[in-house]
Protein chains: 2
Amino acid sequence: MDQVICTVDVVLLTLKEQRLNVALLKRDREPYKGVAALPGGFIHAEEDGDARDAALRVLREKTGIDAPYLEQLATFSGPARDPRGWSVSIAYTALVHDEVIEKAAHPDVKMACVDRKLSLPFDHKAIVDTAVARLRSKSQYSSLPCYLLGASFTLPQLQRVYEALLAEPINKVSFRRKMTEMAMLESVDGEMEAGGAHRPAQLYRLKPEYRDQLRLLERGL
Amino acid sequence: MDQVICTVDVVLLTLKEQRLNVALLKRDREPYKGVAALPGGFIHAEEDGDARDAALRVLREKTGIDAPYLEQLATFSGPARDPRGWSVSIAYTALVHDEVIEKAAHPDVKMACVDRKLSLPFDHKAIVDTAVARLRSKSQYSSLPCYLLGASFTLPQLQRVYEALLAEPINKVSFRRKMTEMAMLESVDGEMEAGGAHRPAQLYRLKPEYRDQLRLLERGL
DNA sequence: TTAATAGTGTCTGTTAGACAGTATGGG
DNA sequence: CCCATACTGTCTAACAGACACTATTAA
């Protein structure tokens, strides 16, 4: 049997000031010791139930973040991507609200804007690019961007998230029609957004059944 | 380092009489020797450039089919899916025209309709279901179904493929507008579909630049 | 000519976007 | 009151689907 190294990597994304950021971690061992890279690690056959469990474990151990929205991205493989030998990395995308990362406040985790030129070890740049492209693509026709916000949020906030991801303004009336069509939100009564000198916006949250399951539109935004 | 078995599996799909069929191969070794399963095998670190190469190699060795449309589906993993131990299978979907399979005429390959109840070893049923769901979903907004036809085909043929995959009739005028919008086809001049006592249909083929690259619609069919 | 299917012009209903109006908070 | 932003009603433009009409072949 040919020896193949089997790892998972996590592209942990969040929005900071309307810009997509990815979590990078200073590597604590060779190869690339001390270099910022995606949180990742070997699959532990004795403890991990599957690759997804491994990704959740790695994220918890390395960043202190627990149970984010997580979906499999793709698997990257080949003899050259890791100097230790022929390797497979099952990559996952995790989406969290900015606050989750700030609360975890892990000292070795640095957020980097994905629009900047990133210089990353292994093929991590390609993995990040794939994750970002997938997120932006799915934002056109799904509820995925909701996971970049907290437990409750207003429609104007959500629209700004979609607009940041799609990098284009969205018609307010159409946006609201589409959110109604997706029928994934329920209003949180009585609670309104605090803040400015203006009418406060209604708060919403994902219906429980869609907390882990995407909602799709027949026709995109 | 924990020992993880690293394999690839291929869901080779084709349309036979407007029904999606998957290629199954009688296994020639344990486990499940003699049982029909997806074509698959171990990654060979010395010869495979990456997992995709492994999938192409496996498909060529086991079915005689070379260079089909191939895309990564997902990776399946866990301690229980293979009796030999904790395993990872990087699954690929291959699409080919029915004739390609008939010409290969591999004696151990049997096509099975995916709508029938399939009893498959490992987690191959789940892999097939995932591949079929992905294909049907992408058929709503992409050129993917083209790869289930040969090098050239007519628009009525292509529409029947879309209708078979989506399991619903499509408006002819809209369908043609959408194909024009995708702008992935070029007419094959002078050549017409032979056959019935009626006006023959114009033949088209994928433009060279889209032979291996999907074309997407802004808004689905 | 008829039958059968290919391909198109056009009308209509549906949907998306523009715009302007009302609603509701703070100052 | 004013301003700012949330929300909504409604008009218009764009698009999708229905339908009918023409085109082209074989018998």
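Residue numbering restarts at 1 for every chain, and letters A, B, ... go by the order of the sequence lines.
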Residue-level proximity of residues 136-168 of chain A to DNA chain C when a heavy atom falls under 4.0 Å: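 Listed by number, there are none.
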Once you round it to whole Å, what is the distance between [atom2] of [N] and [atom1] of [X]?
{"X": "Gln202(A)", "N": "dT5(D)", "atom1": "CD", "atom2": "C1'", "result": "15 Å"}
{"X": "Leu221(B)", "N": "dG17(D)", "atom1": "CG", "atom2": "P", "result": "9 Å"}
{"X": "Arg177(A)", "N": "dT10(D)", "atom1": "CZ", "atom2": "P", "result": "13 Å"}
{"X": "Arg219(A)", "N": "dA16(D)", "atom1": "CZ", "atom2": "C1'", "result": "7 Å"}
{"X": "Ile170(A)", "N": "dG17(C)", "atom1": "CD1", "atom2": "C1'", "result": "12 Å"}
{"X": "Leu203(B)", "N": "dA6(C)", "atom1": "CG", "atom2": "P", "result": "12 Å"}
{"X": "Glu218(A)", "N": "dT15(C)", "atom1": "CD", "atom2": "P", "result": "11 Å"}

Would you confirm whether Gln202(B), through its side chain, and Val188(B), through its main-chain N or O, come within 3.5 Å as a donor-acceptor pair?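 Yes: the side chain of Gln202(B) pairs with the backbone of Val188(B).
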So, does His124(A) use its side chain to make a donor-acceptor pair with the main chain of Ala37(A) at under 3.5 Å?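 Answer holds: no.
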Out of the candidates Asp9(A), Asp123(A), Thr75(A), only one should pair with Ser89(A) under the side chain to side chain donor-acceptor pair (under 3.5 Å) rule; please name it.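 Considering Asp9(A), Asp123(A), Thr75(A), a side chain to side chain donor-acceptor pair (under 3.5 Å) with Ser89(A) is found only for Asp9(A).
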At their closest point, which heavy atom of Leu59(B) faces which heavy atom of Leu12(B), and how far apart are they?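 It is CD1-CD2, 4.3 Å.
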Work out which heavy atom in Val109(A) is nearest to a heavy atom in Lys62(A); give both atom names and the distance.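 Nearest heavy atoms, Val109(A) then Lys62(A): CG2-O, 4.1 Å.
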Give a yes or no on whether a salt bridge exists between [X] and [Y], defined as a side-chain N under 4.0 angstrom from a carboxylate O.
{"X": "Asp108(A)", "Y": "Lys26(A)", "value": "no"}
{"X": "Glu181(B)", "Y": "Lys178(B)", "value": "yes"}
{"X": "Lys125(B)", "Y": "Asp129(B)", "value": "yes"}
{"X": "Arg136(A)", "Y": "Asp115(A)", "value": "yes"}

Toward the 5' end of DNA chain D, which comes first, Glu181(B) or Tyr204(A), by nearest nucleotide?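 Its nearest nucleotide being more 5', the pick is Tyr204(A).
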Report the end-to-end axis angle of the helix from dT1(C)-dA27(D) to dG27(C)-dC1(D); each axis comes from five terminal pairs, and the value is rounded to 10°.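 That helix has its two terminal axes inclined by roughly 10°.
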Does CD in Glu61(B) sit with more than 12 non-hydrogen atoms of other residues, nucleotides or ligands closer than 6.0 Å?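 Yes.
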Is Arg176(A) near enough to dC7(D) that one of its side-chain N or O atoms lies under 4.0 angstrom from OP1 or OP2?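 Answer is yes, contact under 4.0 Å.
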B/S/- contact track for nucleotides 19-27 of chain D, protein heavy atom under 4.0 Å: B---BBBS-
Name the closest nucleotide to the Ala201(A) side chain, picking from dA6(D), dA6(C), dA16(D).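 My answer, after comparing the listed nucleotides, is dA6(D).
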So Tyr69(A) and Tyr147(A), would you call those rings parallel, tilted or perpendicular, with 30° and 60° as cut-offs?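 Tyr69(A) vs Tyr147(A) ring planes: parallel.
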